[in-house]
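As the structure lists them, so they are numbered: ligands from 1, and atoms in each ligand from 1.
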Amino acid sequence: MEYNHKSLEKKWQKFWADHQTYKTSDAHQKPKYYVLDMFPYPSGAGLHVGHPLGYIASDIFSRYKRLKGFNVLHPMGYDSFGLPAEQYAIQTGQHPAVTTEANINRYREQMDNIGFSYDWSREVRTSEPEYYKWTQWIFMKSFGSWYNKETDKAEAIDTLITKFSTNGSAAVQAVSDEDVLEFTSEEWKSFDEEKQQRELLKYRIAYLRESTVNWCAALGTVLANDEVINGVSERGGYPVEQKKMMQWSMRITAYADRLLKGLDTIDWPEPLVEMQRNWIGKSVGASVKFPVPQLDAAIEVFTTRVDTIFGVSFVVLAPEHELVAALTTAEQKAEVEAYIEKTSKKSELDRMADTKTVSGAFTGSFAKHPISGRDVQIWIADYVLAGYGTGAVMAVPSGDQRDYVFAKHFNLEIIPISDTQQIEEEADPNKDGKYINSDFINGMTYQEAVPALIAKLEELKLGKAKINFRMRDAIFGRQRYWGEPVPVYFKNGLPYLIKEEELPLLLPEVDKYLPTESGEPPLGRAKDWKYEDQYEYELSTMPGWAGSSWYWFRYMDPKNEGNFASKEAVDYWKAVDLYIGGSEHATGHLLYSRFWNKFLKDLGYHNEEEPFRKLINQGMIQGRSNFVYRVLDEEGRGTNQFVSYGLRNDYNTIPLHVDVNIVSNDVLDLEKFKNFRPDFANAEFVLENGKYICGSEVEKMSKSKFNVVNPDDIIETYGADTLRLYEMFLGPLEQAKPWNTNGIEGVYKFLKKVWRLFHDAEGNFNVSDEEPSKAEFKALHKIIKKVEDDIERFSFNTSVSAFMICVNELTDLKCNKRQILEQLVIVLQSYAPHITEELWNLLGHEAGTLSQATYPTFKPEYLVESEFAYPVSFNGKMKFNLSLALDLDQQTVEEMIKAHADVQRHLDGKPIKKIIFVKGKIINIVA
Ligand code: ANZ
């Protein structure tokens, strides 16, 4: 029988499915290993060959770990809420659930074709009520929690209420909104229900508050900062404006420090860790107040350089700063308002990116320098961001470049950092009645000056040490349909949770997936959708990241109806040991997941501080586009003549993308080309050596470039085992690389060679029970060791070439020994599961048990060289090779040499003067 990938692969895929071969055991005696793929959003386009790269690597690893005796959890599911299905629904009226289901089925079929060892009985879909019930439940828990700085964790809101009613607000150290009230326990108890609830909202982990958001009118939704690129939406490129709205948020900033610390404990790629560090953006500095006596207020700034405080020449507020209106004098009003109007059109990201334009406006007012007592001008400028620090800076032109450029542009006085000028006695908020100048810190190092100044500011009650984080709380609401409903209803304008036993709160049916006429989100269209028939539900739905921020837990215990996962399951599976996915999730998904993981830990639902112990980003597989060259006429219009690549410069041509599927090794299939587009039907070709050669280029894989390769097509021609090996063969997993099918034949031939080791020339299965030779054992043990080392290092490409070498060696040795081939099959199984399962079966083993086999033990003694092929030279000229045992001594070697027939022949009667022998290297005969 010849190697027939088609029948053989289908047969085993069916067998594995029928017998649930890869079902993960719930018996917890074995050590566990959890291998997770980032689950896909099932898009309408299906999988292209780039998508399975990471899945193949994780599958190899999972299979290998099973062979190593681990109980492996290797699940797959779908992140099935999301925008594309909803956009499609808006266009077609088709319910997003219907499209989603169809897309999932297609994904599943494609994945099944590749022969993955997923435990499909654990599949999850984030858009299923059985699943999103628990996403809603986690939301409820976070609404019902606050962050206690004393215990450094989230706690149930009841403990906060107890603190308020026993000792008032002073006893509480919490992460909260800025505008919290101060009250005694008596006052707390005197507050009515509404006032208490309003106050608690400022502490909850999930909270509702007015905030500035990126509003995209065209998409009808709020976008996260990372979804806005250059002021337009990442998806669709629509304009985005800044708008104030009541928004659900998650207090991820409470976890900033723990998110930072945790990075030191996990094995993630350094660039990714660095991106998270920057995103969290911890800055150690001080907050300083600049009093504004005329308003009886103070401008609070955040600075990382309090040591430069004597060089403060003016202060700058963000245009949105709440004091701007009050500070603006009548003369400056028009200018300030015009400036605010102008900057409100720019997004925060644009404002950060623009370091060239200098713009701003003087408010007309002055503030007092807290230490030197100088009067400093108050300006507004959009280089100061409202959302960072306090939204105000102390400007030090002699220390800070932006401040310098600003001062120069507006011709403002630049005060040196070391300002020893005598200070006039003025009206004075200081206790001792004296302002001081920089003599106070002259001669001090930075390390000495900072604490000295902070102590001084604290004494004046005008400043304190402060740690600031760049990270913002995460917006948690979207004005969209296809997402989890927020399990909240409103009474007197205040949010209340529905009861836990009422979960899931089902996504209601609507007539259209568009906002209502009055601008409410699509859920506003749902008929008779009221809590207890009277209270309005929250109409926004959860963001895309909700469902994916805890899904790894659900796989541990996917059917549990009473809990997101049982205690027993989370105690056993703990955290994900290996997580593979794309680097595009570096700050979104991977931060939110770490956040929710920590939050659930705080509430005692599990014990792991970090969810993903090791993480690998697979590199992107780029497309390899092909081009044809169309000849242009005098007017520059395309003709129906196409010239081959090498001749293109002899004509006036333009390159056109051509479907890579009608090109093979860069040679165009002319008939297929004529059918490619109607206007090519009468194409004429100028050929080179009888062929039309296409140009090529590496680009992103995309439909518009006609370079998308579908794994199904590869599988049809070469089989899944070839696809798997080939994807790994392309190069290191983490590296970006182009998809180039030119080498795939080689991999296919390799599998045919494997097959032939087990079959005679007539194609009959033929394996011998003879004892293998040393050379055969050596070839086997080399591969046992190599593959083990490679997989442990996640170096999958190097294994593939090692397999090829091994099979070549065994072929040269004409090896068909059972002892060798049986073990080879086990080693190859993770990479090529179908052919190996068939061969294992032919070897007489019970079907389907290859996955329960044990990885062979490497025996180093087989690799120890016992012989060496010495080059034998006569007077320095190499004549022939002579294999001798390596443990022979000089005397024995000399005797053997003298007696050897070939030596005698080359001597031709001359006597031997000397024999130079270097063990393991050379034999030289001097005659
Ligand atoms: C005075 C100063 C002098 C500053 C000096 C820097 C250099 P990071 O490290 O990013 O936290 N800043 C504070 N709030 C700001 C805001 N909302 N928008 C724009 N800039 C803001 O940087 C903190 C520094 O950035 C602060 O320290 C402040 O300028 C500025 F020689 O204060 B500095």
- line: Closest non-hydrogen atoms of Asp179 and Lys202, given as atom of the first, atom of the second and distance, are O-NZ, 3.0 Å
query: Are any of the N or O atoms of Gly389 closer than 3.5 Å to those of ligand 1?
result: no
message: Which of the numbered atoms in ligand 1 are under 4.0 angstrom from any heavy atom belonging to Met394?
response: 1 (C), 32 (O)
- prompt: Do any N/O atoms on Thr308 end up under 3.5 angstrom from N/O atoms on ligand 1?
  reply: no
query: What is the distance from atom CZ of Phe440 to atom CG of Leu453, rounded to the nearest 0.5 Å?
result: 5.5 Å
- prompt: Which atoms of ligand 1 have any heavy atom of Val384 under 4.0 Å away?
  reply: 16 (C), 17 (N), 18 (N), 19 (C)
message: Would you say atom 29 (O) of ligand 1 makes contact with the protein, given that contact here means a non-hydrogen protein atom less than 4.0 Å away?
response: no
query: Does the ring center of Phe410 lie less than 6.0 Å from the ring center of Trp379?
result: yes
task: Identify, for atom 18 (N) of ligand 1, the protein heavy atom at the shortest distance, and state residue, atom and that distance.
output: Leu385 N, 2.9 Å
task: Ignoring hydrogens and angles, tell me if any N or O in the side chain of Trp268 forms a donor-acceptor pair with the backbone of Phe612 under 3.5 Å.
output: yes
field: Contact atoms of ligand 1, heavy-atom distance to Tyr383 under 4.0 Å
entry: 18 (N), 19 (C)
- prompt: About how many Å separate CG of Leu259 and CD of Gln276, when rounded to the nearest 0.5 Å?
  reply: 7.5 Å
- line: Min over Val396, Asp400, Val393, Ile417 of heavy-atom distance to atom 15 (C) of ligand 1 lands on Val393
field: Heavy atom of the protein closest to atom 13 (C) of ligand 1 (residue, atom name, distance)
entry: Phe302 O, 3.3 Å
- request: Using a strict cut-off of 4.0 Å, indicate which atoms of ligand 1 neighbour a heavy atom of Arg470.
  value: 10 (O)
- request: Write out the residue and atom name of the closest protein heavy atom to atom 24 (C) of ligand 1, then the distance separating them to 0.1 Å.
  value: Thr304 OG1, 3.7 Å
- prompt: Taking distance alone, with no angle check, do Arg305 and ligand 1 share an N/O pair under 3.5 Å?
  reply: no
query: Which ligand 1 atoms are under 4.0 Å away from a heavy-atom of Gly399?
result: 31 (F)
task: Determine whether Phe362 and Phe314 make a side-chain contact, defined as any pair of heavy atoms from C-beta on separated by less than 4.5 Å.
output: no
query: Is there a donor-acceptor contact under 3.5 Å linking the side chains of Gln173 and Asn148?
result: no
field: Trp596 and Trp552 aromatic centres sub-6.0 Å
entry: no
message: For Arg402, which part has a heavy atom under 4.0 Å from ligand 1: side chain, backbone, both, or neither?
response: side chain
Ring geometry between Phe406 and Tyr383 (parallel below 30°, tilted from 30 to 60°, perpendicular above 60°): perpendicular
query: Does the N or O separation between Asp403 and ligand 1 drop below 3.5 Å for any pair?
result: no
query: If you count the atoms of ligand 1 from 1 in the order shown, which ones are under 4.0 Å from a heavy atom of Ser283?
result: 8 (P), 9 (O), 11 (O)
field: Proximity of Phe164 and Tyr203 rings by center, below 6.0 Å
entry: yes
- request: Write out the residue and atom name of the closest protein heavy atom to atom 1 (C) of ligand 1, then the distance separating them to 0.1 Å.
  value: Thr303 OG1, 3.2 Å
query: With side chains defined as the heavy atoms from C-beta onward, is the minimum distance between Leu615 and Leu590 less than 4.5 Å?
result: yes
